Protein chains: 2
Amino acid sequence: MSSPQQRINAVKQHLTPAQVHAQAVDPVAAMKEERAKAAFNVRELTYLLDGGEKLTQLKERMMLELERDPLFKMDDIHDISKEELRERTMEKFRSLLHHLQNESVDIFRKRMEVVSMIDPGFWTRFGVHYGLFVGALQSNATPGQLGYWFEKGALSLSGMVGCFAMTELGHGSNVPGLETTATFDEASDQFVIHTPTLTATKWWIGGAAHSATHAAVFAQLIVKGKNYGTKCFIVPLRDPKTYHTLPGINIGDIGKKMGRDGIDNGWIQFTNVRIPRGYMLMKHAKVSRTGAVQEPKLQQLTYGALLQGRVAMVVDSGNVSKKALSIAIRYAAVRRQFSNSKSNVETKLLDYPIHQRRLMPLLAQTFAMLFTGAEMTDMYNNMMSRLENAKPEDKDLDEVLETLKETHSTSAGLKAFCTWNCLNTIEQCRQACGGHGYSAYTGLAGMYQDFAVQCTWEGDNTILTLQAGRYLISSYREAMKGKKLSPGVGYLNNLDVLIGKRCPAKSPEEILNPKIITEAWQVVCANVVKNAALEFEACLSKGLDIDDAYEECSQSRLYAAKLHSYGYLFNRFADRVAKISGDIQTVLLDLCLLYGLYTIEDNAGAFLQYQYFTPEQIEFIRSKTNALCKAVREQAIPLVDSFNLSDFIINSPLGRADGNVYEHYFAQVKRLNPQGEHPYFNRLIKPLIDRNVEATEIEDEEAGLEEEEEDEE
Amino acid sequence: MSSPQQRINAVKQHLTPAQVHAQAVDPVAAMKEERAKAAFNVRELTYLLDGGEKLTQLKERMMLELERDPLFKMDDIHDISKEELRERTMEKFRSLLHHLQNESVDIFRKRMEVVSMIDPGFWTRFGVHYGLFVGALQSNATPGQLGYWFEKGALSLSGMVGCFAMTELGHGSNVPGLETTATFDEASDQFVIHTPTLTATKWWIGGAAHSATHAAVFAQLIVKGKNYGTKCFIVPLRDPKTYHTLPGINIGDIGKKMGRDGIDNGWIQFTNVRIPRGYMLMKHAKVSRTGAVQEPKLQQLTYGALLQGRVAMVVDSGNVSKKALSIAIRYAAVRRQFSNSKSNVETKLLDYPIHQRRLMPLLAQTFAMLFTGAEMTDMYNNMMSRLENAKPEDKDLDEVLETLKETHSTSAGLKAFCTWNCLNTIEQCRQACGGHGYSAYTGLAGMYQDFAVQCTWEGDNTILTLQAGRYLISSYREAMKGKKLSPGVGYLNNLDVLIGKRCPAKSPEEILNPKIITEAWQVVCANVVKNAALEFEACLSKGLDIDDAYEECSQSRLYAAKLHSYGYLFNRFADRVAKISGDIQTVLLDLCLLYGLYTIEDNAGAFLQYQYFTPEQIEFIRSKTNALCKAVREQAIPLVDSFNLSDFIINSPLGRADGNVYEHYFAQVKRLNPQGEHPYFNRLIKPLIDRNVEATEIEDEEAGLEEEEEDEE
């Protein structure tokens with residue numbers, strides 16, 4: 001029933017055996033026990049993750065502001081209808097506008113990061129205007145145009161709300177293939193925006209159904225019968241005084257989605273809608289009064305706008321993983337299931353080696369994503385400040401463009417890799433919570449539904465991964481021609497050494513070294529990139545054109561890009577760990593090694609294929625992964641605590657910091673589902689269970705025959 | 001713009017270039033084109049999958065009956081509230097009862113299979129009564145008790161509706177650890193059913209919230225202060241005339257879930273509820289009038305009841321995968337995206353090698369699951385008929401029990417393996433549909449949400465996989481002692497040959513042979529099972545007890561069980577293909593090889609680790625997998641057609657048989673989201689975008705100071 005020590009304590013405290021048992025399984029006590037294991041300063045790790053004490057305080061302030069804001073009531077979010085959710089989401093604009101107008105862009109961005117963790121639907125709806133619509137203006141408008149639209153209220157959201165109308169019913173990732181047309185009418189100095197077919201209907205347009213007065217519309221520019229490709233036009237949709245749609249505008253609601261129902265995605269059809277010529281955004285291409293078209297000199301510079309979204313999604317993947325793991329790991333620290341033969345107290349889930357295996361590698365991966373996200377953010381900010389000042393005549397323009405190219409493809413690969421990782425983390429965490437993971441209130445189901453779209457929007461993950469793979473192949477080919485590559489793919493300048501290289505470790509223990517693991521990934525990546533490039537070149541030799549050749553070797557491209565991302569994340573993690581010291585370094589080094597080893601184990605085929613590791617070394621890695629899971633498990637609760645998410649942000653009774661999961665869960669279920677009268681007993685159940693059973697069965701043949709006879713009478 | 005042939009045809013038909021283009025991208029024409037590629041008799045394959053022409057006709061009849069039943073209106077299912085869904089789901093009982101009373105159990109089971117594909121929430125709700133409650137009676141009641149409850153209306157659902165109250169808030173998989181008590185009160189000849197703690201609250205009980213009058217309650221049997229473990233009791237919950245709860249019963253609604261909201265899961269607390277002694281189901285354990293407890297002789301025989309659910313889930317995994325792939329593959333056959341340099345007509349998704357890689361292996365896997373499900377069903381039926389006639393004194397009882405043991409562990413491993421496969425298939429199909437996969441109307445999102453619970457209920461997948469792994473270890477150890485094992489694990493009798501064996505293929509092409517692939521899996525499985533067993537024995541040698549030793553090697557157990565399932569499915573597939581001939585064999589052989597090769601590629605680490613294949617052979621397998629994807633792609637639409645699911649069952653505009661996806665999708669979105677007045681413009685948007693921007697900003701300090709001065713006056 002209980003240990004001798006427990007029985008002694010019980011006697012001292014005059015407890016009954018039932019009370020002793022209750023104490024032994026008390027989840028709050030279990031959580032305290034786990035928290036006491038901290039072998040490092042949790043607060044210091046929080047500062048490290050947040051980027052310093054001040055940023056931690058800022059996040060805490062924002063979490064508190066959200067928690068106390070009545071508009072951000074979140075615990076009933078799973079029980080309200082799509083219509084209520086839409087309306088409530090719109091209402092939150094009020095709070096955010098207040099902050100937007102009173103704090104710097106950097107601080108507001110941090111705020112949006114916090115918002116995205118508690119209410120991704122609202123984050124999207126607000127982001128459609130500020131990120132996408134205003135972003136489209138900033139990327140595509142001339143300074144004069146930008147001033148015009150800002151004056152009209154684009155920034156302050158007064159008099160106008162914007163949406164971003166790119167995708168169409170029949171066209172997603174292929175932007176040059178959009179069907180909507182913008183035909184220049186010289187007589188009136190206007191563009192005619194038109195939806196020529198059903199598949200040209202603008203589709204998935206966030207904010208179109210209920211929010212937007214204006215749209216940034218991507219359409220084929222047609223001047224004097226010639227098509228100049230896809231450009232961006234601002235098209236008024238609704239009268240801001242009445243919200244009635246304007247002539248030629250047909251808008252509808254896309255309706256129910258897998259998640260993020262707070263955002264009002266809609267469809268739009270344009271029927272010969274006229275806009276002034278000046279509503280075409282002309283930073284890059286220009287159309288003159290007489291219909292002369294000037295094409296852009298530096299089309300690449302427009303790519304910058306895409307990057308911000310991708311970097312934000314890498315950061316979001318880390319943040320959402322934090323939240324998912326806070327729930328699953330805290331629950332595992334207090335949930336008990338099965339007892340071994342020696343004890344009547346059931347074992348904590350977290351003490352099962354298999355449960356450690358399910359969650360600890362994901363915890364390690366989360367740290368890898370967090371450090372990668374932080375570095376990507378710095379890289380992006382640096383690059384953008386260089387890019388904003390770039391002019392066609394600059395001498396270092398080539399270098400800027402080269403960096404842009406690398407950042408572009410790195411961010412493509414990482415957006416895909418990290419959003420897939422995060423989606424998988426959420427689902428694994430959900431399953432690790434057993435049956436309760438299927439309840440909406442425990443939060444992981446909704447998190448999955450909300451997050452899933454990140455694998456598709458702003459570039460389908462498969463297509464982005466292929467782009468990253470294409471960059472690896474072209475980098476390889478440039479390296480073969482002697483070109484010095486940028487750091488992220490620098491290992492491809494070192495093929496002579498890497499191809500064929502075997503692990504130099506003399507004893508298995510030597511493998512437990514970030515340098516060896518880094519080299520292991522470099523060797524494997526060098527091999528798979530080389531293979532993909534050779535396959536590509538073989539396709540060219542067979543006479544395929546470049547695009548077809550790339551398609552033909554797409555599986556190898558995808559594989560190369562995935563492995564490259566593993567190596568990339570491991571390096572970011574190892575670099576970060578090398579820069580710190582003390583107890584935090586000790587725990588992070590375990591996590592870093594765990595990330596390295598479990599990803600090697602997971603991709604053992606590649607390491608054996610290219611013989612960097614022997615089968616014996618792989619066996620060692622496998623057993624060491626188990627050992628590291630066990631080591632990390634000891635610090636699991638302190639590590640999750642270092643994420644520093646408030647109970648309000650976590651919004652799941654299973655993820656409660658105090659461990660008091662059952663009481664909070666039961667209270668929430670009862671509060672949201674009050675007991676009362678049976679809703680349909682009289683209409684449906686009573687006639688069913690009161691019925692005369694025989695009467696519902698099919699009558700026998702004679703009955704039919706008798707009736708026939710009667711008819712004959 | 002168009003090919004020379006198209007232009008010639010256009011001239012013949014007097015079409016404009018726009019019309020030519022429209023014809024070239026017409027999804028209906030694309031679907032016809034794909035359908036015309038059939039290199040086998042589609043109808044014959046349907047018969048093969050269904051188990052014969054008569055069963056195909058039966059399924060078609062049932063699909064038609066469902067489609068024409070107004071209670072089974074399904075196209076608006078994503079837009080109705082949980083409350084409406086609950087009510088509508090209850091209403092469907094009427095239709096099903098009619099069939100239940102007028103057809104044989106076998107035929108009714110087929111009907112439920114069809115129902116589960118279109119309305120899994122209803123299937124669950126009906127299944128709770130017929131599968132779980134009636135199943136509990138059949139497994140645990142004496143013949144006399146069974147007669148009593150059937151007479152009361154348990155079968156005909158008149159006067160009573162049952163639910164199955166096993167899991168508790170704090171207890172899921174560990175049935176012996178349940179806390180609810182059933183204490184025998186000799187004075188009154190009654191049991192007192194009681195919920196002693198919060199965590200003992202019955203939780204997740206399907207049908208408890210609104211449907212059930214009676215529950216099969218699992219509780220600790222306590223007689224004269226002694227605990228005899230978990231037994232099953234029938235406890236009345238509600239007055240069937242009023243549906244008011246009975247004294248001592250406290251029931252509430254569990255509320256919103258990830259999916260299957262049509263089923264009214266609830267929680268139940270019993271507070272000293274008295275039931276007659278006869279309401280304990282006494283087929284196995286018995287309690288006499290005087291409190292004498294007779295323990296069961298053949299506890300194992302009760303396991304049979306668990307098996308049916310597991311087998312049904314293997315079958316369901318195949319069926320739901322059919323539906324998911326019908327949607328994703330049909331959409332890929334008509335959706336176009338990007339064009340190569342030579343054509344202005346965009347390429348079908350299905351023509352991209354990477355899209356083939358995403359979907360064709362899943363198609364192959366679906367066939368593997370379908371054949372495995374069919375064989376499992378036969379195995380189960382045979383075993384149950386032997387089991388039902390088994391008596392403790394039977395001579396062949398040992399053999400029956402041995403078969404039961406194998407079926408038990410095989411079904412545990414396969415339930416987990418196939419439900420995970422299916423959940424992954426749904427999500428991959430959803431992502432393969434791009435943005436439209438995120439719409440509720442395209443069906444895959446809801447399918448994911450509904451299916452996800454299959455990975456947890458009736459045995460958490462991880463725990464079931466570990467059970468299967470435990471059986472493999474014990475089988476290995478018995479084999480080492482010379483025991484002849486049953487067929488599923490027969491390869492473990494052949495370790496001398498298998499351990500260390502390398503692929504005998506002299507040329508790579510020889511690998512393309514089901515016999516080689518079968519052997520490959522056997523070699524790898526023999527190795528991983530052996531490793532797991534050695535690890536287990538090492539733990540025993542270190543002094544761990546059996547349970548702890550099994551826990552300690554759980555990662556190896558899990559790994560062994562997963563690889564064993566791959567091999568098991570491949571064998572079922574290869575066996576089936578060997579038994580047929582002609583064109584169908586040709587296409588199924590491609591699918592079977594694809595299943596074999598891509599799973600080997602996916603687990604390449606194991607095949608290289610144990611050196612069955614060389615790195616060069618793995619490279620060959622990798623490139624051959626690409627080639628097989630391409631080959632299978634040619635027959636993809638005919639293969640999906642052979643699944644023979646009606647548009648009603650598929651219930652997704654993207655999965656339309658005619659390929660007319662966009663028109664149906666648009667029509668559905670418009671129908672379910674009619675255009676109308678703006679729902680909250682006046683309340684929320686008008687004050688927001690009409691506001692005086694300056695006024696909402698924080699006023700400067702002076703303003704505050706002035707007010708203070710005024711206060712002082």
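Every chain is numbered from 1 and lettered A, B, ... according to where its sequence line falls, protein lines coming before strand lines. Bear in mind that the values here come from a model prediction, so they are computed numbers and not experimental data.
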Determine yes or no for a side-chain-to-main-chain donor-acceptor pair under 3.5 angstrom, with [X] supplying the side chain and [Y] the backbone.
| X | Y | value |
| --- | --- | --- |
| B:Tyr438 | A:Gln449 | yes |
| B:Tyr441 | A:Lys256 | yes |
| A:Tyr243 | B:His678 | no |
| B:Gln675 | A:Ile251 | yes |
| A:His436 | B:Leu169 | yes |

Under a 4.5 Å cut-off applied to non-hydrogen side-chain atoms, are [X] and [Y] in contact?
| X | Y | answer |
| --- | --- | --- |
| A:Pro240 | B:Ile689 | yes |
| B:His171 | A:Arg336 | no |
| A:Gln609 | B:Pro615 | yes |
| B:Leu444 | A:Met258 | no |
| B:Gln555 | A:Pro353 | no |
| A:Asp690 | B:Lys241 | yes |

Could you tell me which portion of [X] (side chain, backbone, both or neither) has an atom closer than 4.5 angstrom to a non-hydrogen atom of chain B?
| X | result |
| --- | --- |
| A:Asp602 | neither |
| A:Glu346 | side chain |
| A:Arg260 | both |
| A:Ser554 | both |
| A:Leu466 | side chain |
| A:Val453 | both |
| A:Arg557 | neither |
| A:Leu608 | both |
| A:Tyr352 | side chain |

Count the heavy-atom pairs under 4.5 Å between each of [options] and chain B, then report the option with the highest count.
| options | value |
| --- | --- |
| A:Ala22, A:Pro679, A:Cys553, A:Gly252 | A:Pro679 |
| A:Thr167, A:Asp253, A:Thr199, A:Thr213 | A:Asp253 |
| A:Pro176, A:Gly172, A:Gly435 | A:Gly435 |

Are the aromatic rings of A:Phe681 and B:His210 close, with centres under 6.0 Å apart? no
For the residue pair B:Trp203 and A:Tyr665, is the inter-centroid distance of their aromatic rings smaller than 6.0 Å?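 Under 6.0 Å, so yes.
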Can you say whether [X] sits under 4.5 Å from chain A via the side chain, the backbone, both, or neither, judging by heavy atoms?
| X | result |
| --- | --- |
| B:Thr242 | backbone |
| B:Leu423 | side chain |
| B:Asn461 | neither |
| B:Phe607 | neither |
| B:Val161 | side chain |
| B:Glu619 | both |
| B:Leu672 | neither |

Using a cut-off of under 4.5 Å for heavy-atom pairs, which of [options] has the most such pairs with chain A?
| options | result |
| --- | --- |
| B:Gly159, B:Pro687, B:Gly446 | B:Gly159 |
| B:Trp267, B:Phe93, B:Trp457 | B:Trp267 |
| B:Gly259, B:Ala606, B:Ala604 | B:Gly259 |
| B:His78, B:Lys82, B:Arg335 | B:Arg335 |
| B:Gly605, B:Ala445, B:Ser556, B:Ala440 | B:Ala440 |
| B:Ala452, B:Gly177, B:Ser211 | B:Ala452 |

For [X] and [Y], which I'm curious about, is there any donor-acceptor pair between the side chains at under 3.5 Å?
| X | Y | answer |
| --- | --- | --- |
| B:Gln431 | A:Asp460 | no |
| A:Tyr448 | B:Glu427 | yes |
| B:Arg358 | A:Thr462 | yes |

Derivation and outcome, side-chain contact (heavy atoms from CB on, under 4.5 Å), residues B:Glu91 and A:Tyr680: CA-CA 10 Å; B:Glu91 201 155 13; A:Tyr680 45 81; over 6 Å; no
Are there more than 12 heavy atoms of other residues, nucleotides or ligands under 6.0 Å from atom CD of B:Glu663?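 Result for CD/B:Glu663: open.
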Which distance, rounded to the nearest 0.5 Å, do you find between the OG1 of A:Thr465 and the CD1 of B:Ile354?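 A:Thr465 OG1 to B:Ile354 CD1: 9.0 Å, rounded to 0.5 Å.
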